[in-house]
Amino acid sequence: MSERFVGERFSGSFTQQEPIPEAGIEAAMAVLRHGRLHRYNTVAGEIAETALLEEEFAAYVGAKYCLALASGGAAMACALRALQVKPGEPVLSNAFTLAPVPGAIASIGAKPVFVDVAEDLTIDLAHLEAQAKATGSTVLLLSHMRGHVCDMDALMAICDRLGVRVVEDCAHTMGAKWKGVPSGRHGVIGCYSTQTYKHLNSGEGGFLVTDDAELAARAVLLSGSYMLYARHRAAPALEVFEALKLEVPNVSSRMDNLRAAILRPQIGMLDDRRARWRALYQGMERGLAGAPGLKLIPRPQHEDYMGSSFQFLLPGWEPARVAAFVAAAAARGVELKWFGAAEPAGFTSRYAHWQYARPEALPQTDRVLAGLIDMRLPLTFLPEDVNQIARILSEESALAAKAAALGPVAAVSAD
Ligand SMILES: *Cc1c(COP(=O)(O)O)cnc(C)c1O
């Protein structure tokens with residue numbers, strides 16, 4: 001065992017969410033007491049919690065139509081099915097995203113085509129254009145990964161010019177805006193997750209929003225509406241369903257009234273959550289400014305982001321040094337995820353690991369991800385927690401810089 005600096009240790013949890021608001025608990029208890037958990041199980045005159053939730057979320061993002069689903073992944077797969085993506089068809093998507101995104105493409109038998117990540121962690125627009133032209137793909141499943149939103153005007157201009165329809169994966173941007181437009185409202189469909197680690201918490205769940213009546217009707221039918229689509233509220237007119245109801249298969253993936261009851265009171269909290277997350281995020285930015293060897297990600301002014309997680313780069317660090325830094329932080333209670341590790345740990349799998357998609361090598365993405373560190377910023381953190389974490393990381397990066405100046409990588413132990 002080598003002797004090493006032992007400093008303060010962070011004792012908080014990176015995965016502890018806030019409790020469900022009392023109003024959500026009460027509404028959930030009411031659903032449990034009456035027992036009508038299925039969204040179509042209503043008594044005369046009753047509007048299901050799920051239908052109300054859809055109406056309220058549609059209003060929040062300014063969409064005509066909204067469908068609640070069993071998960072964010074189910075929403076993305078439903079979106080691709082509604083767009084009638086065929087088996088074997090190429091679907092463009094980010095090389096830097098999480099596994100449910102290429103998984104949604106693979107779930108309908110289509111082929112993910114990965115697009116490079118840029119230095120600012122957004123999709124590389126030049127590579128997007130090249131991949132779209134090379135494959136002839138007409139659909140982009142765009143992941144606003146970790147809340148970093150690309151130049152949406154430029155992206156939409158490219159996609160409109162090439163006839164590429166955009167489905168936005170807003171798992172990390174629910175509540176965020178770009179030039180004032182809610183995330184998920186640039187493309188033809190926006191998908192969201194209400195899974196515990198996102199911005200609304202119902203354990204599992206998701207939404208799909210669109211202004212396109214036919215796509216909305218297809219999505220409702222796909223989700224498994226048993227010809228009860230008239231009980232939806234944020235849905236198109238019945239004639240739109242009439243024309244499609246015998247053509248569209250049922251791929252059951254509905255949300256239930258219990259989750260909807262838990263979620264409804266949370267929608268009104270999103271803007272406040274954005275402000276609170278922003279304060280934690282900016283505290284971390286201030287605390288890490290000037291830490292040696294560490295590159296922070298610039299945030300454009302017109303990106304009104306949700307700072308629910310924090311990323312930085314360790315550009316040019318050798319893998320052994322990154323591993324040692326992550327281990328040293330962990331020993332002091334700071335849970336970092338590294339997207340460049342040889343083997344995926346937790347959620348950090350990257351495109352090269354998704355072998356079912358037969359990914360081609362992407363050297364630019366490999367270079368960025370090799371030094372990419374990710375950490376959660378749960379709303380249960382206090383400003384002093386963020387300050388302490390930033391102090392620990394600054395100290396450890398200074399130690400790593402000193403070790404790098406002193407000798408070869410082999411001198412730094414990863415355990
Ligand atoms: C969480 C997540 C999703 C959707 O996840 P579900 O667990 O299916 O709700 C989609 N995209 C990204 C980038 C995610 O992190």
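Atoms within a ligand are numbered from 1 in the order they appear, just like the ligands themselves.
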Just list the N/O pairs, ligand 1 to protein, that are under 3.5 Å apart, with the distance for each.
from	atom 1	to	atom 2	distance (Å)
ligand 1	7 (O)	Gln195	NE2	2.9
ligand 1	8 (O)	Gly72	N	3.4
ligand 1	8 (O)	Gly73	N	2.7
ligand 1	9 (O)	Gly72	N	2.8
ligand 1	9 (O)	Ser193	OG	2.7
ligand 1	11 (N)	Asp169	OD1	3.2
ligand 1	11 (N)	Asp169	OD2	2.8
ligand 1	15 (O)	His172	NE2	2.7
ligand 1	15 (O)	Lys198	NZ	2.9

Taking 4.0 angstrom as the limit, do Asp212 and Lys64 come out as a salt bridge?
no
Does CD belonging to Gln364 count more than 12 external heavy atoms closer than 6.0 Å?
yes
With Arg33 via salt bridge (Lys or Arg N to Asp or Glu O under 4.0 Å) - residues at least two apart
none
Carboxylate-amine/guanidinium proximity below 4.0 Å for Glu49 and Arg264:
yes
When you compare the side chains of Tyr60 and Asp271, does any donor N or O come within less than 3.5 Å of an acceptor on the partner?
yes
Answer yes or no: is there an ion pair linking Arg332 with Glu395, defined by an N-O contact shorter than 4.0 Å?
yes
